[in-house]
Trainee: 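The following block contains the structure, expressed as structure tokens.
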Amino acid sequence: MKNTKRLAIAGLAAVLPLAMIACKPIDKETGKPVEGAAAESTAEGGEIAGLKSEREQISYIIGNQMGEQLKPIKDEIDVKTLQRAISETLDDKAIEISDEQAMGVMQKFGERMQAKQMAEMQEKAKTNAAEAEKFLAENGKREGVQTTASGLQYRVITEGTGPKPGPNDTVRVHYKGTLLNGETFDSSYDRGEPAQFALNQVVPGWQEGLQLMPVGSKYELWIPAALGYGEMGSGPIGPNQALVFEVELQDIVK
């Protein structure tokens with residue numbers, strides 16, 4: 001049974017990282033463990049409403065962490081059975097499940113979850129593509145907005161007087177990137193310092209847009225998904241999402 005337990009846990013971990021983090025308190029807004037001084041302050045706080053003993057507090061915190069980790073698959077879980085499994089495992093009374101049975105169940109579950117995620121991504125891709133197409137069609141009609149042959153749209157906010165970078169140049173820029181709904185997903189302004197990178201290492205929309213800009217310019221760029229992160233997206237950028245950037249080209253780095 002010990003091997004079966006390890007197999008089942010490993011199978012679940014392949015679908016969802018289920019880690020218990022040494023009883024660190026959870027931030028209710030982010031769902032992440034509190035770090036540093038905030039964690040120490042919480043730990044030294046003593047009384048917790050509704051949890052009198054240390055045993056109750058530890059038990060609740062561990063359960064809270066497990067719940068946060070399981071949220072992405074909460075609709076796939078029978079909570080009563082989960083509670084039963086924990087209780088019976090702690091009492092060494094867990095049902096015997098063979099390695100083959102556990103592997104079969106977890107493999108089937110993983111395949112089903114993967115198929116579900118792919119279907120959701122495809123649906124998002126369709127929605128985002130339609131939204132982007134409509135937005136760019138209207139945006140291209142705005143005064144001052146120009147559209148290149150590739151579909152990149154740009155507007156000159158400030159026209160600089162310096163040289164334009166080439167495709168193999170390294171540039172220094174300040175920028176803010178947002179989604180069509182105005183949500184910021186990246187900003188050198190927020191980090192407090194400009195970014196520096198080679199043009200041949202960024203998405204095609206940036207490569208094209210930056211080569212239009214003389215040093216000292218500030219442009220607004222609208223980048224279709226085909227010139228950005230495409231059908232897969234990246235991090236906070238969903239599949240087929242168009243992107244908006246305000247970019248200041250400060251220098252070509254020699």
Side-chain angles (χ1 to χ4, degrees), residues 29-31 71-72 114-160 162 164-167 169-250 252:
E29 293 185 1
T30 65
K71 273 185 179 180
Q114 186 176 25
K116 180 181 179 181
Q117 291 168 358
M118 286 298 296
E120 290 175 351
M121 179 172 286
Q122 289 172 356
E123 187 62 32
K124 286 182 180 178
K126 289 180 182 179
T127 300
N128 290 341
E131 179 183 349
E133 182 178 4
K134 180 180 178 181
F135 175 88
L136 292 170
E138 293 299 320
N139 191 61
K141 300 174 185 177
R142 291 174 52 203
E143 183 178 354
V145 175
Q146 301 185 58
T147 304
T148 70
S150 70
L152 174 72
Q153 295 183 349
Y154 69 94
R155 178 176 70 90
V156 178
I157 299 173
T158 303
E159 187 75 3
K164 295 180 180 179
D169 281 334
T170 295
V171 296
R172 182 181 299 114
V173 300
H174 249 323
Y175 69 92
K176 180 176 75 170
T178 61
L179 305 177
L180 294 184
N181 63 7
E183 178 185 347
T184 299
F185 62 84
D186 192 13
S187 172
S188 64
Y189 297 107
D190 291 347
R191 293 191 293 273
E193 60 180 358
Q196 183 172 307
F197 49 80
L199 280 185
N200 59 17
Q201 295 178 352
V202 294
V203 296
W206 266 74
Q207 295 180 34
E208 181 180 357
L210 268 292
Q211 290 182 72
L212 297 172
M213 300 174 62
V215 170
S217 297
K218 182 176 182 179
Y219 280 24
E220 188 169 14
L221 305 176
W222 292 270
I223 300 179
L227 302 177
Y229 293 93
E231 295 180 352
M232 298 304 295
S234 177
I237 301 167
N240 283 341
Q241 281 197 309
L243 308 175
V244 186
F245 286 95
E246 284 189 6
V247 185
E248 294 181 60
L249 177 55
Q250 295 187 339
I252 300 172

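Just the heavy atoms: all of them, side chains too, but no hydrogens, waters or symmetry mates, feed the values below. Worth saying up front: this structure is predicted, and the values here are computed from it rather than measured.
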Trainee: With salt bridge (Lys or Arg N to Asp or Glu O under 4.0 Å) as the criterion, how do E138 and K141 come out once you've worked through the C-alpha distance, each side chain's angles and the decisive distance to 0.1 Å?
Mentor: CA-CA 6 Å; E138 293 299 320; K141 300 174 185 177; 3.8 Å; yes
Trainee: Of the non-hydrogen atoms in R191 and D186, which two are nearest, and what is the gap between them?
Mentor: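 In terms of heavy atoms, the two residues are closest at NH1-OD1, 2.6 Å.
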Trainee: Taking side chain as C-beta onward, heavy atoms only, is L227 less than 4.5 Å from V203?
Mentor: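 Heavy-atom side-chain distance check fails, nothing below 4.5 Å.
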Trainee: With side chains defined as the heavy atoms from C-beta onward, is the minimum distance between V156 and S217 less than 4.5 Å?
Mentor: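 They are not in side-chain contact.
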Trainee: Can you measure from NZ (K176) to CD (E248) and round to the nearest 0.5 angstrom?
Mentor: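 It is 11.5 Å, given to the nearest 0.5 Å.
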Trainee: CZ of R172 to CD1 of I252: how many Å apart, nearest 0.5 Å?
Mentor: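 That separation rounds to 11.0 Å.
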Trainee: Surrounding OH of Y175 (heavy atoms of other residues, nucleotides or ligands, distance under 6.0 Å), is the total greater than 12?
Mentor: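 Atom OH in Y175 is crowded, with more than 12 foreign heavy atoms closer than 6.0 Å.
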Trainee: Between Q241 and P236, what is the shortest heavy-atom contact and its length?
Mentor: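 Looks like OE1-O, 4.0 Å.
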Trainee: Please report the interatomic distance NE2(H174) to CD(E246), rounded to the nearest 0.5 Å.
Mentor: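 Rounded to the nearest 0.5 Å, the NE2-CD separation comes out at 12.5 Å.
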Trainee: Considering non-hydrogen atoms only, spot the tightest contact between P214 and G160 and give its length.
Mentor: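 Result for this residue pair: CB-O, 3.6 Å.
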Trainee: Would you say Q196 has more than 12 foreign heavy atoms packed within less than 6.0 Å of its CD?
Mentor: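 Yes, because the 6.0 Å sphere around CD of Q196 holds more than 12 heavy atoms from other groups.
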Trainee: Sequence neighbours excluded, which residues qualify as side chain to side chain contact (heavy atoms under 4.5 Å, CB included) partners of T147?
Mentor: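 Once residues adjacent in sequence are excluded, the partners of T147 under the side chain to side chain contact (heavy atoms under 4.5 Å, CB included) criterion are Q153.
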Trainee: Would you name the heavy atoms of P224 and G151 that are closest together and state the gap between them?
Mentor: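 Closest heavy-atom pair between P224 and G151: CG-O, 3.3 Å.
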Trainee: Within this structure, what is the CD1-CD distance for the pair I237 and E183, rounded to the nearest 0.5 Å?
Mentor: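 Atom-to-atom, I237:CD1 and E183:CD are 10.5 Å apart.
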Trainee: Quick one: does Y219's side chain get under 4.5 Å of E159's, heavy atoms only?
Mentor: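 A side-chain contact under 4.5 Å exists here.
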Trainee: Measuring only between side-chain heavy atoms, which start at C-beta, is M232 closer than 4.5 Å to M121?
Mentor: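 Yes, side chains in contact.
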Trainee: Between V173 and S188, what is the shortest heavy-atom contact and its length?
Mentor: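 Heavy atoms of V173 and S188 come nearest at O-OG, 4.1 Å.
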Trainee: Hey, what do you get for CD (Q122) to OG1 (T127), rounding to the nearest 0.5 Å?
Mentor: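 If I round to the nearest 0.5 Å, the distance is 12.0 Å.
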Trainee: Do the ring planes of F245 and W206 sit parallel (below 30°), tilted (30 to 60°) or perpendicular (above 60°)?
Mentor: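 Because their plane-to-plane angle is over 60°, the rings of F245 and W206 count as perpendicular.
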Trainee: Are K164 and D169 within salt-bridge range, i.e. N to O under 4.0 Å?
Mentor: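 Salt bridge absent between K164 and D169.
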Trainee: Any donor-acceptor pair under 3.5 Å linking the side chain of N139 with the backbone of F135?
Mentor: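 Between the backbone of F135 and the side chain of N139 there is no qualifying donor-acceptor contact (under 3.5 Å).
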Trainee: Is the closest side-chain heavy-atom distance between F197 and V171 below 4.5 Å?
Mentor: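 Contact flag for F197/V171 side chains = yes.
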Trainee: Quick check: do P167 and Q211 have side-chain heavy atoms less than 4.5 Å from each other?
Mentor: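 Answer yes - side chains close enough.
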Trainee: Please report the shortest heavy-atom distance between T184 and S187, naming the atom on each side.
Mentor: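 Looking at all heavy atoms of both residues, the closest pair is CG2-CB, 4.1 Å.
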Trainee: Would you say that L243 contacts L179 through its side chain, given a criterion of any heavy-atom pair below 4.5 Å between the two side chains?
Mentor: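 Contact flag for L243/L179 side chains = yes.
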Trainee: Is a side-chain donor or acceptor of N240 paired with a backbone partner of A225 at a separation under 3.5 angstrom?
Mentor: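 It does not hold such a pair.
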Trainee: Would you please name every residue forming a side chain to side chain contact (heavy atoms under 4.5 Å, CB included) with T158, sequence neighbours left out?
Mentor: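 Side chain to side chain contact (heavy atoms under 4.5 Å, CB included) list for T158, sorted by chain: K218.
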Trainee: Is E120 atom CD crowded by more than 12 heavy atoms from other residues, nucleotides or ligands, each under 6.0 Å away?
Mentor: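 Result for CD/E120: enclosed.
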Trainee: Not counting sequence neighbours, which residues clear side chain to side chain contact (heavy atoms under 4.5 Å, CB included) with A130? List them please.
Mentor: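 Applying side chain to side chain contact (heavy atoms under 4.5 Å, CB included) to A130 gives none.
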Trainee: How long is the gap from CD on Q146 to CG on L152, to the nearest 0.5 Å?
Mentor: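 One finds 10.5 Å between CD of Q146 and CG of L152.
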